[in-house]
Amino acid sequence: MGSLLMEPVDVEAYANICHPQATPGNHSLAICLSPTMIQSRGIFHHRNPLDYSLPLVLLQLSIASFFILFTSRLLKPLGQPNTVIQILAGLALGPSFLGRIGGFVGTVYPFRSLVLIDMLAALGFMFYFFLIGVQMDPWILKRIEKKEFLIGFSTLTFGLIVSIFTTVILVTSGIDIEPKIAKSLVVVAIMSSVVGFPIIAQYLTELKMVNSEFGRMALSSAMISNLFGFVLIFLTSIWSGSGSSDEDYTLYETLSATALVLIIVFVIRPIIIWNLKTTPDEEPLKQGLLCMIFVVVMMSGFCSKALGLHIYLGPFIFGMAIPAGPPLGSALVEKLDFVNSVLLMPLYFVKNGLVIDIFSVKLKDYLVVQFIILVACIGKFLGALLSALHSNVPLRDAVSIGLVTNFQGVMELGMFKMMKQSQAINNEVFIILCMSMLIVTGTITPILRQLYDPQRRYVVYKRRTMLDMKPDTQLQVLACIHNQDNVWTTIHFLEALHPSNRNPIDVCVLHLVELTGSAHPVLVPHKLARNNSSKGAISKSIVKAFRIFEQSYYGVVALHPFTVISPYVTMHDDVCTMALERKASLILIPFHKRFISGKPADSLKSGVKMINTKILEMAPCSVGILVDRGLVKYSRPVLESWSSYRVAVLFIGGPDDREALAVGVRMVGRPNITLNIVRLLEEGKCCSTNRDHKCQKELDDEVVNEMKFQMAGNNRVIYEENVVNDGTGTVVLIRSMEDKYDLIIVGRRHDTRSPLILGLADWDEYTELGTIGDMFASQDFQSNANILIVQQHTNVQDEWVGISKNYYDFHVSRIHNHDDG
């Protein structure tokens with residue numbers, strides 16, 4: 001049979017559950033597999049499929065995955081993280097719950113299936129540790145600040161000192177504690193004081209907090225704690241001697257681990273990096289490279305086991321040696337994570353659940369061990385809290401960081417198993433640690449959700465709109481780019497905003513890249529002359545295009561390009577935070593749908609739509625959604641060479657339409673731009689008694705009248721009014737604008753009670769564009785004109801809804817001096 005990865009105490013517990021009448025001496029016979037009992041001929045041949053290995057393991061995989069999915073559906077409304085759900089699902093199949101039903105475990109998870117379950121679970125956990133290593137970027141240590149180092153070091157140190165000191169007092173106080181429990185308490189104190197960086201990154205990503213200010217600080221601090229914690233775990237494992245009292249064995253084990261690490265870092269890593277450099281940036285990774293990496297993962301696990309080390313050590317170190325993030329790290333996570341987490345890891349949780357019987361723990365022992373764990377948790381919390389407050393971190397964020405340090409998950413579960421296998425702790429202590437992990441993590445999560453308010457960070461005390469800009473001030477624009485297709489549409493729009501000496505533009509470009517191969521979000525700034533970051537290489541062609549645009553408008557356009565590598569669920573935080581810091585007046589985001597010659601072609605990843613929706617909800621300034629309908633693509637910014645660039649603003653009324661008009665009026669400064677303002681009016685006099693509606697109508701009239709007065713005599717500006725009866729008339733007017741313009745600007749939100757759009761919202765296909773924007777972006781609109789859907793900023797503390805007269809003075813001076821640039 002060969003040696004099992006499971007420790008003997010697990011085999012004994014598993015056998016007692018499946019065959020309580022069996023004796024320990026017969027267990028090895030019960031798990032011998034017959035080579036002829038692999039595939040069943042089926043029930044119609046009077047064969048029980050569960051007597052054969054293949055049908056049995058397929059049923060086991062199905063049940064394990066089903067219970068995890070069922071538990072997820074049950075607990076997700078409570079906001080519990082995935083690890084809590086997965087461990088609870090594993091426990092549900094064991095002797096703590098369903099396993100207490102007579103014959104359930106013996107039928108579905110019989111003792112003879114132990115070998116296959118154990119090997120598949122070990123394979124899944126080996127690849128899990130490899131993926132954890134891939135997502136850890138050791139080079140991030142270079143960017144960690146002193147306060148983050150202080151928080152991380154204080155968290156581990158304070159928790160360790162308090163818990164060990166309490167353990168010594170408890171053991172020497174004369175309290176009656178079983179010797180096995182007393183021997184394990186120091187290890188429990190160390191294990192409970194360690195902080196797991198990958199698990200914290202995973203939790204914060206799940207909770208959509210990874211890009212918050214405290215989230216970034218918590219991750220950096222956790223990295224420091226994790227490094228010191230690994231040293232402690234390694235020393236504790238060596239101290240236990242892997243169950244051996246032979247000092248030479250421990251020395252050989254240490255030397256073997258060192259040699260394995262050196263070979264991975266200085267031999268295998270350079271080979272992989274060389275292969276990456278030989279692959280052009282625009283080409284997909286070579287399949288041979290990915291296959292080689294998969295082979296090395298399994299070989300590193302084999303070497304670890306052959307050298308007497310833990311099977312997970314080699315894959316974990318190898319994962320850390322692989323460059324995190326795109327292109328390689330992302331590709332590995334994308335290919336492995338789903339299969340491993342859905343197919344193999346459920347067996348790992350089930351395997352652990354099958355040998356955990358929470359009813360076997362004595363209450364006295366539980367209270368003693370839980371007390372030490374609680375002291376360690378409080379120590380970590382206080383260490384993080386006090387050091388964060390000392391570093392002038394706000395109280396709410398400091399408390400959040402302290403809570404986050406007590407997150408535990410699969411990685412800690414593996415560490416508990418390692419300590420149990422090395423006999424540093426016994427089975428009862430292992431069960432208590434697992435129970436405590438569920439209790440602490442499950443309790444912290446809802447508290448943290450209550451403390452974290454994402455929208456609180458983006459509330460400002462002054463509106464940031466183009467309508468409220470002062471004259472002769474620099475326009476701050478934040479442009480988001482997902483891929484190369486978004487570049488030239490964005491550049492053409494920025495050109496149309498007429499950068500000049502009196503009215504310069506400051507453009508912050510964010511290339512948004514999904515984080516799939518790293519645990520830590522990354523913001524990569526691109527310096528003017530060079531780019532040293534390997535992560536920034538994926539943005540090289542995009543940055544180059546914007547550099548050309550900047551050089552074409554030297555002195556009037558300032559460019560600040562960045563690459564944002566972050567999970568889609570929290571990427572809006574990066575965008576909104578950057579807009580807040582740079583005091584942007586307008587965020588440009590590309591529409592998630594791509595068009596070719598006016599026809600829908602394909603979509604960006606589904607996460608892009610979610611990002612756009614979140615930005616619209618939380619943006620600290622106005623937002624513009626650019627819909628590229630397939631106008632001719634250019635290889636360089638050539639808008640200034642066009643004989644005519646036709647722009648239309650459709651004005652129905654409301655704050656968003658007033659902002660759309662402000663964008664359009666700014667463009668008139670370019671001598672080759674013609675602006676057509678099309679205003680829709682209701683037939684007859686408005687009879688609404690709604691005060692807000694009347695106020696908005698007065699503001700609309702004031703804006704339009706001021707614009708008409710200032711534009712008088714400018715033959716490049718055309719204003720027209722169209723009276724319509726209902727939504728059908730609006731549709732007819734929109735269709736009449738086909739193939740007349742190169743850019744159409746509309747507001748996103750309108751009064752749903754207005755007869756002008758009544759009933760049109762029922763046909764919305766793209767809700768993030770609003771009713772009118774959706775009609776222009778639909779495939780029924782036969783035009784190649786690009787569309788800009790504008791949403792005015794309203795997320796202010798004390799909003800003032802008046803009109804800034806400075807805005808009009810600004811445009812008057814610019815229009816009469818359109819050739820100043």
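When reading the values below, keep in mind they use all heavy atoms of this one structure, side chains included, and skip hydrogens, waters and symmetry mates.
Remark: the backbone N or O of G159 is paired with a side-chain donor or acceptor of S193 at under 3.5 angstrom. Put simply, the side chain of S72 never gets that close to the backbone of I68: no donor and acceptor are under 3.5 Å apart. A donor-acceptor pair is defined here as one N or O able to donate and one able to accept, closer than 3.5 Å; such a pair exists between the side chain of N486 and the backbone of H482. Side-chain atoms of K380 never come within 3.5 Å of backbone atoms of N406 as a donor-acceptor pair (strictly under, hydrogens ignored). A donor-acceptor pair is defined here as one N or O able to donate and one able to accept, closer than 3.5 Å; no such pair exists between the side chain of H390 and the backbone of L386. Proximity of a side-chain donor or acceptor of E514 to a complementary backbone N or O of I565 within less than 3.5 Å is not detected. With S154 contributing its side chain and I151 its backbone, the two residues share no donor-acceptor pair below 3.5 Å. Listed for the Q476 side chain is no donor-acceptor partner under 3.5 Å among the backbone atoms of K583. Distance alone, capped at 3.5 Å, is enough to place a donor-acceptor pair between the E550 side chain and the L559 backbone.
Between S622 and the choices R464, Q792, E659, the side-chain hydrogen bond (donor to acceptor under 3.5 Å, both in side chains) rule is met once, by E659. A side-chain contact (heavy atoms from CB on, under 4.5 Å) with Q80 is found for exactly one of L438, T441, L88, T445, namely T445.
Ring centroid separation for the pair F349 and F67 does not come in under the 6.0 Å cut-off. Less than 6.0 angstrom separates the ring centroid of F130 from the ring centroid of F318.
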- Task: Take H572 and E617 through the side chain to side chain donor-acceptor pair (under 3.5 Å) test and state the conclusion after the steps.
- Result: CA-CA 10 Å; H572 61 277; E617 291 176 359; over 6 Å; no

- Task: Starting from the C-alpha separation in whole Å, work towards a yes-or-no answer on side chain to side chain contact (heavy atoms under 4.5 Å, CB included) for L448 and S400.
- Result: CA-CA 6 Å; L448 194 62; S400 299; 3.7 Å; yes

- How far apart are the C-alpha atoms of L156 and V195, what are their side-chain angles, what is the distance that settles it, and do they pass the side chain to side chain contact (heavy atoms under 4.5 Å, CB included) test? CA-CA 7 Å; L156 178 67; V195 177; 5.6 Å; no

- Query: After noting the C-alpha distance and the side-chain angles of I401 and M217, does the key distance pass the side chain to side chain contact (heavy atoms under 4.5 Å, CB included) rule?
  - Reply: CA-CA 8 Å; I401 293 173; M217 193 176 300; 3.7 Å; yes

- Task: With side chain to side chain contact (heavy atoms under 4.5 Å, CB included) as the test, would you mind laying out the steps for L475 and L497 before giving the verdict?
- Result: CA-CA 9 Å; L475 172 62; L497 288 176; 3.9 Å; yes

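Counting heavy atoms from C-beta outward, C377 and S192 have side chains that stay 4.5 Å or more apart. Contact check for T83 versus Y203: side-chain heavy atoms found under the 4.5 Å cut-off. Contact annotation: the side chain of M345 never approaches that of Q86 to less than 4.5 Å [non-hydrogen atoms, C-beta and beyond]. Inter-residue side-chain proximity for M578 and C508 is flagged as met; some heavy-atom pair is nearer than 4.5 Å. Residues D485 and D628 are not in side-chain contact: their nearest non-hydrogen atoms beyond the backbone lie 4.5 Å or more apart. Annotation: side chain of F591 is not in contact with side chain of V608 (no heavy-atom distance under 4.5 Å). In this structure the side chain of F562 never reaches within 4.5 angstrom of the side chain of L512, judged on heavy atoms. Looking only at side-chain heavy atoms (C-beta outward), L769 and I625 come within less than 4.5 Å of each other.
A salt bridge is absent between R748 and D656; no separation between the charged side-chain nitrogens and carboxylate oxygens falls under 4.0 Å.
Partners of F153 by ring-ring contact (aromatic ring centres under 6.0 Å, His included), not counting sequence neighbours, listed by chain and number: F228. Listed by chain and residue number, Q370, I373, V440 satisfy the side-chain contact (heavy atoms from CB on, under 4.5 Å) test with S436 (two or more places apart in sequence, or in another chain). For L74, the side-chain contact (heavy atoms from CB on, under 4.5 Å) partners two or more places apart in sequence, or in a different chain, are F70.
The two residues V663 and L788 have their closest heavy-atom pair at CG1-CD2, 4.0 Å. L510 and D574 get closest at one heavy-atom pair: CD1-O, 4.5 Å. Looking at every heavy atom in both residues, R547 comes nearest to P561 through NH2-CG, 3.6 Å. Between F381 and V399, the shortest heavy-atom contact is CE1-O, 3.6 Å. Minimum interatomic distance between I199 and E412 (heavy atoms only, all atoms of both residues): CG1-OE1, 3.4 Å. When all heavy atoms are compared, the tightest approach of S220 to E148 is CB-OE1, 3.4 Å.
The line from CG of D774 to CD of E768 is 8.5 Å long, rounded to the nearest 0.5 Å. From M466, atom CE reaches atom CG of L586 across 6.5 Å, with rounding to the nearest 0.5 Å. Put simply, CD on Q791 and CD1 on I615 are 11.0 Å apart, with the number rounded to the nearest 0.5 Å. Atoms CG and CZ, on L332 and F127 in that order, are 10.0 Å from each other to the nearest 0.5 Å. Taken from NZ in K146 to CG in L150, the straight-line distance is 11.0 Å, to the nearest 0.5 Å. The distance from the OG1 atom of T767 to the CG atom of L616 is 9.5 Å, given to the nearest 0.5 Å.
H560 and D506 form a side-chain donor-acceptor contact under 3.5 Å, judged by distance and modelled atom types alone. For the residue pair T465 / D468, a side-chain donor-acceptor distance below 3.5 Å is found, with atom types taken as modelled.
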